[in-house]
Amino acid sequence: MSEQSVKSNQPLFLRAAWGEDTDRAPIWIMRQAGRYLPEYRALKEKYTFLELAGTPELAAEVTLQPLRRFPLDASIVFADIMTPLESMGVKIDFSPGPVIENPVRDVAAVEALRVPEPEEITPFVMETIKILRRELKVPLIGFGGAPLTLATYLVQGSGSKEYEFLRQFLRAEPEAAHLLLDKLADLSIGYLKEQVKAGAQAIQLFDSWAGIHDAEMYREFGAKYATKVLSALADEGVPRIYIAVKASHLYDEIAKLPVEVVSVDWRVPLDQVRPQFPGKTLQGNLDPAVMLSNPEVITREATKTLKAGLGGPHIFNLGHGIFKYTPPEHVAHLIECVHSFERKS
Ligand code: CP3
């Protein structure tokens, strides 16, 4: 079989992720399993987030909920970027964002973190992936947090507006910071390779907080470790997706990362961004707030995004996670808009 025919047998999402300028754009939605769905909220009445994510049958059920409702082109395993850190001995609670019992603020705390063997890292996530691969008809995305974003929560201790403890830590304790980031990179490599082994068909690396840094800091503490993780996945046979939010000032650095797909938030139009990422697939970038409006506005704004995505491979998504107040019928409407848009006419 020729390479072309092998490729054309692949699902739309994977073809676009591997760089094919497809006739229509595949769509999935960041946080597509979650609180905007009544069936998710019903499960959350009975179980905590940790119980849901930690029980393979439940995590698989939550992953499948949006797929039962909507003809999405990909799914993403239900877990959290902080999930694998528990295997390092970190105690985490969710309320609803991650809260670290003992934030990591000095060398001793960094040294105390152990890097587990890959097969010790959250085996329940791998079990969830195996269940999902038996059930799913669309590709399954695995994911993890980039080292700098994981460190952001570990050092700060919880979500925050400014992450000032992390930003001072990188400057005042650069050696401890590098040791921490290196350990987090090793953890992530093991975790993501295990996900691929279990059946994940693409990997998205979330660097949600990279954008709080200037380019020099990002180069030293962000890109270096994201590159370590992403290049370790080069031979795994799955496309790699990278997302940083509010990070257009870092795009020169992000363009050098070894990935197939760059996810873009809504602050920059895709056609303006495209020349900065030659040869890469763009993912994004509808403002998630548009989903709160009404079907006419969603059609108008989604069409704008679809047109801006022409001229190269495009995976449609929101610029960041979907809001919990989004009416589910707006999601159905968005998917219809994206699927009916002919990219080649
Ligand atoms: O459907 C999916 O997208 C898969 C599940 C998923 C979760 N977290 C579940 C979750 C994914 C991909 C993540 C990634 C994640 N987690 C990121 C990167 C994406 C981003 O938003 O930039 C980050 C920064 C986190 C850390 C985190 N976990 C935060 C900030 C929060 C609270 C925010 C919120 O939405 O309330 C969480 C908790 C969390 N992770 C929830 C879910 C479904 C909410 C738990 C609940 O239902 O109460």
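When a ligand or atom number is given, it counts from 1 through the structure's own listing order.
The shortest distance between side-chain heavy atoms of His178 and Tyr225 falls below 4.5 Å.
Using a 4.0 angstrom heavy-atom cutoff, Val245 does not count as in contact with ligand 1.
Side chain of Asn294 to backbone of Val297: a donor-acceptor contact under 3.5 angstrom is found. A distance-only check finds a donor-acceptor pair linking the side chain of Thr149 to the backbone of Ser208 [under 3.5 Å]. A donor-acceptor pair is defined here as one N or O able to donate and one able to accept, closer than 3.5 Å; such a pair exists between the side chain of Lys183 and the backbone of Val110.
In terms of protein heavy atoms, atom 33 (C) of ligand 1 is closest to Arg31 NH1, 3.9 Å. Nearest to atom 23 (C) of ligand 1 among the protein's heavy atoms is Ile81 CD1, 3.5 Å. Looking from atom 40 (N) of ligand 1 to the surrounding protein, the closest heavy atom is Asp80 OD1, 2.8 Å. Atom 12 (C) of ligand 1 has Phe143 CZ, 3.5 Å as its closest protein atom, hydrogens excluded (heavy atom only). The protein non-hydrogen atom at the shortest distance from atom 29 (C) of ligand 1 is Pro98 CD, 3.5 Å.
Of all the atoms in ligand 1, the ones that sit under 4.0 Å from a non-hydrogen atom of Tyr153 are 24 (C), 26 (C), 30 (C). In summary, the atoms of ligand 1 found under 4.0 Å from a heavy atom of Tyr40, numbered by their order in the structure, are 43 (C), 45 (C), 46 (C), 47 (O). For ligand 1, the atoms lying closer than 4.0 Å to a non-hydrogen atom of Phe78 are 43 (C). Close approach of ligand 1 to Val77 (heavy-atom distance below 4.0 Å) involves ligand atoms 4 (C).
Salt-bridge check for Arg68 with Glu39: failed, with every basic side-chain N at 4.0 Å or more from each acidic carboxylate O. Ion pairing of Asp271 with Lys307 is absent here, as no side-chain N (NZ or NE/NH1/NH2) approaches a carboxylate O to less than 4.0 Å. In this structure, Glu216 does not pair ionically with Arg219, as no charged nitrogen and carboxylate oxygen lie closer than 4.0 Å. Between Arg167 and Glu164 there is no salt bridge, since no side-chain N of the basic residue sits under 4.0 Å from a carboxylate O of the acidic one.
Ile212 and Met82 fall within a single hydrophobic cluster, where Ile, Leu, Val, Met, Phe, Trp and Tyr side chains are chained together by heavy-atom contacts under 4.5 Å.
Glu20 and Gln10 share no donor-acceptor pair across their side chains, judged by distance under 3.5 Å alone.
At a 4.0 Å heavy-atom cut-off, ligand 1 touches Ala79 through the backbone alone. The side chain of His320, and not its backbone, has at least one atom closer than 4.0 Å to an atom of ligand 1 (non-hydrogen atoms only; side chain from C-beta on). Looking at Lys44 against ligand 1, only its side chain comes within 4.0 Å, counting heavy atoms. By the criterion of a heavy-atom distance under 4.0 Å, neither the backbone nor the side chain of Thr149 is placed next to ligand 1.
Distances from atom 10 (C) of ligand 1 to the heavy atoms of Phe94, Phe49, Phe206 put Phe49 nearest. The heavy atom nearest to atom 38 (C) of ligand 1, out of those in Gly321, Ser75, Pro96, Gly34, is found in Pro96. Which of Ser208, Gly142, Gly97 comes nearest to atom 31 (C) of ligand 1 through a heavy atom is settled by distance: it is Gly97. If you check each of Arg41, Arg35, Gln32, Lys324 against atom 34 (C) of ligand 1, the one with the closest non-hydrogen atom is Arg35.
Some N or O of Ala33 is nearer than 3.5 Å to an N or O of ligand 1, by distance alone.
Between Phe206 and Phe143, the ring-plane angle classifies as perpendicular under the 30° and 60° cut-offs.
For Tyr163 and Phe169, the ring centers are positioned 6.0 Å apart or more.
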